[in-house]
Amino acid sequence: MRIRERAGGFTAANEVRKMGIYPYFRPIDSDQDTEVIMNGQRVLMMGSNNYLGLTNHPEVKAAAIEAVNRYGTGCAGSRFLNGTLRIHIELEEALAEFTGKEAALLYSTGFQVNQGVISTLVGRDGAVVIDRDDHASIIDGCRLSFGRTIKFEHNDMAALDRILAGLNDATGLIVVDGVFSMEGDIAPLPEIIRLARKHGADVMVDDAHSFGVLGENGRGTAEHFHLEDEVDLIMGTFSKSLASIGGFVASDAPVIDYLKHHSRALIFSASPPPASVASALAALRIIQREPERRVRLWANTHRLMDELHAIGIDTGRSKTPIIPILIGDDFKAFEVCARLQQAGVFVNPVVSPAVAPDGALIRLSIMSTHTFDQIDRAVDVIDRVLKECSVPRQGASV
Ligand SMILES: Cc1ncc(COP(=O)(O)O)c(C=O)c1O
C-alpha cells in the first residue's frame, strides 16, 4: 500500500475530533507548573511527569541558560566524535555516583537508551525476557536485537522462572519497568533478582518513573528494595523528575565502555544539547539537597489516593504517584478527559493497545509542588465528571 493510501485510510483521529473529545496534542501556553494555561483557560495539571516540580525551578532554568551561553545551543555531532562536552562527563560522573554504579552513559532520550542498550547487549546467542507491560522503548530495543524476545504476563514470577529455566545455554537479560508507566505499580524486584541469580541471568531496571521518586534518597527501585548491588543495569530518563530531556544507563565500567563503542543509538545520533544536560545536572543536585520534595510528593500521592478511595474510586494496582482510574471504554475515557478539561483539570487518557480493550483509563500523576487545596479541588471535579459520564464506582453502579 502506498503511503497516501495508508494515511488516508486512517480515520479514527478525525472521528474523535468531530465528536469534540480529541485528547491529544493539546497545547500549553504557559510555564509548566501545577496550573497551566490552555486555550486561555487556567487548568490544574494532573497529568505531568514533572514529579518533583523542577521544570520551573529558577536554579534549573539558570543552569540551562548559562550552559547555552558557555557552550552554545547544540552539539553538532555525536558523543562518539565531536559532540562530547565537559558537561556530559560531569553529568555521567554524578549519575554513576548517585546510582552507586562504576560508570554511566548519556543518550539523547530515554527512549534511545532502551532501544540502544538492549539491542546492543543482546546478541544472537542471547534472549531478552520482558514483562508484557514494559514500556514501548523496551519493546523496540528487543525488536532491534538479534536475540530472542520472550514476554511474561505482568509480574508473573512463576512464568519468569519457567522462561529462564528454558533458556538452556542462552544468556538471558531480564528488563522491567521499576514503576510501570500506565498503572503505577512497582516491579517485584527481590523475586526477579532471586530468579535471575538462580538461572544466571542479568537484570536491567527502567527507572524512568522511579528516579527521584522511590528509595530513601530517590535513587530508584533498587534503592527502594535495598538491592542496589544486585541490579546489573539501571536506566533513567531526564524527562520526568530531572526536568529536562535525555537519558542514561549506569552499570559496570566495562559494560558502559562496550556500549560506548557498539551502541548505534548513541554513536549515530547527536548528543544531548548543553541546556538539557545542565538542567538535568542542576535538578540532580536539588534532588540530593532537598529530600523534602520527595517527602511532599508521597504526602500528595497518599492524599490523592485516599480521597479517591473515599469516593469509591478504584485506583487499581498503583503504589506510586501514577494513579489510574479505570473507565472501560476508549470513547468514554476521551469524553471524561474532555469534560475534565472543560471543568479545569488536565489528565491523560490511556486506551488500547496501551491497555487491554475495555481497560481504558484516565491516568493522573501527582507532583510534589501540588497543594492539598489543588488536590481536593481536582477530586471534587473528578467526582462530578465521573457522575455526569456514568462511570461506575466500587460498590455502586454510578
Ligand atoms: C518507562 C519509560 N521508559 C522510557 C521512557 C522514554 O523516556 P524519554 O521520554 O526520555 O524518551 C519513558 C517515557 O515515556 C517511560 O515511561
Side-chain angles (χ1 to χ4, degrees), residues 24-25 32 47-52 54-55 88 91-92 95 99 104-119 128 130-144 151 154-155 173-187 189 192 203-214 220-222 224 231 233-250 263 265-266 269-273 275-277 279-281 283-284 317-324 348-351 353-355 361 363-367:
Y24 302 117
F25 300 98
Q32 297 165 72
S48 169
N49 299 311
N50 181 17
Y51 296 118
L52 299 174
L54 293 175
T55 55
H88 290 118
L91 181 54
E92 283 171 347
L95 287 166
T99 54
L105 182 60
L106 306 189
Y107 286 66
S108 296
T109 65
F111 197 103
Q112 275 174 265
V113 176
N114 281 331
Q115 204 186 48
V117 170
I118 298 167
S119 58
V128 53
I130 61 171
D131 187 294
R132 200 169 279 289
D133 286 1
D134 275 353
H135 190 259
S137 52
I138 295 177
I139 294 164
D140 281 17
C142 296
R143 285 182 180 154
L144 287 176
K151 290 184 183 172
H154 183 53
N155 284 347
L173 173 66
I174 306 166
V175 188
V176 288
D177 286 15
V179 168
F180 286 89
S181 54
M182 295 301 144
E183 301 202 38
D185 53 327
I186 303 174
L189 197 56
I192 291 171
V203 177
M204 172 170 170
V205 174
D206 177 331
D207 263 340
H209 296 275
S210 357
F211 191 94
V213 172
L214 284 186
T221 317
H224 173 76
V231 173
L233 297 121
I234 293 176
M235 78 73 67
T237 168
F238 305 159
S239 64
K240 309 191 194 297
S241 291
L242 285 169
S244 180
I245 180 145
F248 75 93
V249 58
S263 182
L266 175 91
S269 185
S271 18
S276 306
V277 178
S279 45
L281 185 55
L284 179 62
R317 302 186 285 240
S318 175
K319 296 270 180 297
T320 66
I322 298 173
I323 303 179
N348 289 301
V350 183
V351 300
V355 286
L361 311 168
R363 177 184 181 278
L364 279 64
S365 34
I366 194 89
M367 292 156 61

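As a basis for the values below, the full set of heavy atoms in this structure was taken, side chains included, without hydrogen atoms, waters or symmetry mates. Everything quoted here is computed from the prediction, not taken from an experiment. Atoms within each ligand, like the ligands themselves, are counted from 1 in listed order.
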Element-labelled atoms of ligand 1 that are located less than 4.0 Å from some non-hydrogen atom of A208 | 1 (C), 2 (C), 3 (N), 15 (C)

Might you point out which heavy atoms bring M182 and L361 nearest each other, and give the distance in Å?
-> O-CD1, 3.9 Å

Any L95 side-chain heavy atom under 4.5 Å of F238 side chain | yes

Should V175 and V128 be marked as a side chain to side chain contact (heavy atoms under 4.5 Å, CB included) after you check the CA-CA gap, both sets of side-chain angles, and the distance that decides it?
-> CA-CA 7 Å; V175 188; V128 53; 3.8 Å; yes

Of all the heavy atoms in Q112, does at least one lie under 4.0 Å from an atom in ligand 1?
-> no

Between I138 and D177, is a side chain to side chain contact (heavy atoms under 4.5 Å, CB included) present by the stated rule, with each step listed?
-> CA-CA 9 Å; I138 295 177; D177 286 15; 3.3 Å; yes

So is M235 polar-close to ligand 1, meaning N/O to N/O under 3.5 Å?
-> no

Of all the atoms in ligand 1, which lie at a distance below 4.0 Å from a heavy atom belonging to S181?
-> 16 (O)

Counting heavy atoms only, which part of I245 comes closer than 4.0 Å to ligand 1: side chain, backbone, both or neither?
-> neither

Steps toward side chain to side chain contact (heavy atoms under 4.5 Å, CB included) verdict (T320, H209) = CA-CA 9 Å; T320 66; H209 296 275; over 6 Å; no

Whether S137 lies under 4.0 Å from ligand 1, heavy atom | yes

Would you please say whether a donor-acceptor pair under 3.5 Å links the side chains of S269 and Q112?
-> yes

Atom of A222, atom of V231 and distance for their closest heavy-atom approach = CB-CG2, 3.9 Å

closest protein heavy atom to atom 10 (O) of ligand 1 is T237 OG1, 2.6 Å

Give the C-alpha distance, both sets of side-chain angles, the deciding distance and a yes or no for side chain to side chain contact (heavy atoms under 4.5 Å, CB included) between H154 and R317.
-> CA-CA 12 Å; H154 183 53; R317 302 186 285 240; 3.4 Å; yes

Residue and atom name of the nearest protein heavy atom (relative to atom 13 (C) of ligand 1), distance in Å to one decimal | K240 NZ, 2.9 Å

Pull out every atom of ligand 1 sitting under 4.0 Å from any heavy atom of S239, numbered as shown with elements.
-> 8 (P), 9 (O), 10 (O)

protein heavy-atom neighbour closest to atom 8 (P) of ligand 1 works out as G110 N, 3.5 Å

Atom 5 (C) of ligand 1: closest protein heavy atom, distance to 0.1 Å, is H135 CE1, 3.4 Å

Mind checking whether H209 contacts ligand 1 via backbone (N, CA, C, O), side chain (CB onward), both or neither, at a 4.0 Å heavy-atom cut-off?
-> side chain

Per-atom contacts of ligand 1 with N114, taking only distances under 4.0 Å to non-hydrogen atoms = 3 (N), 4 (C)

Any donor-acceptor N/O pair, S244 side chain to S276 backbone, under 3.5 Å = yes

Please write down residue, atom name and distance for the protein heavy atom closest to atom 11 (O) of ligand 1.
-> F111 N, 2.9 Å

Could you check atom 3 (N) of ligand 1 against the protein and tell me its nearest heavy-atom contact, residue, atom and distance included?
-> D206 OD2, 2.6 Å

Does ligand 1 have an atom under 4.0 Å from some heavy atom of G246?
-> yes

Is there side-chain contact between L242 and T237, with heavy atoms separated by less than 4.5 Å?
-> no

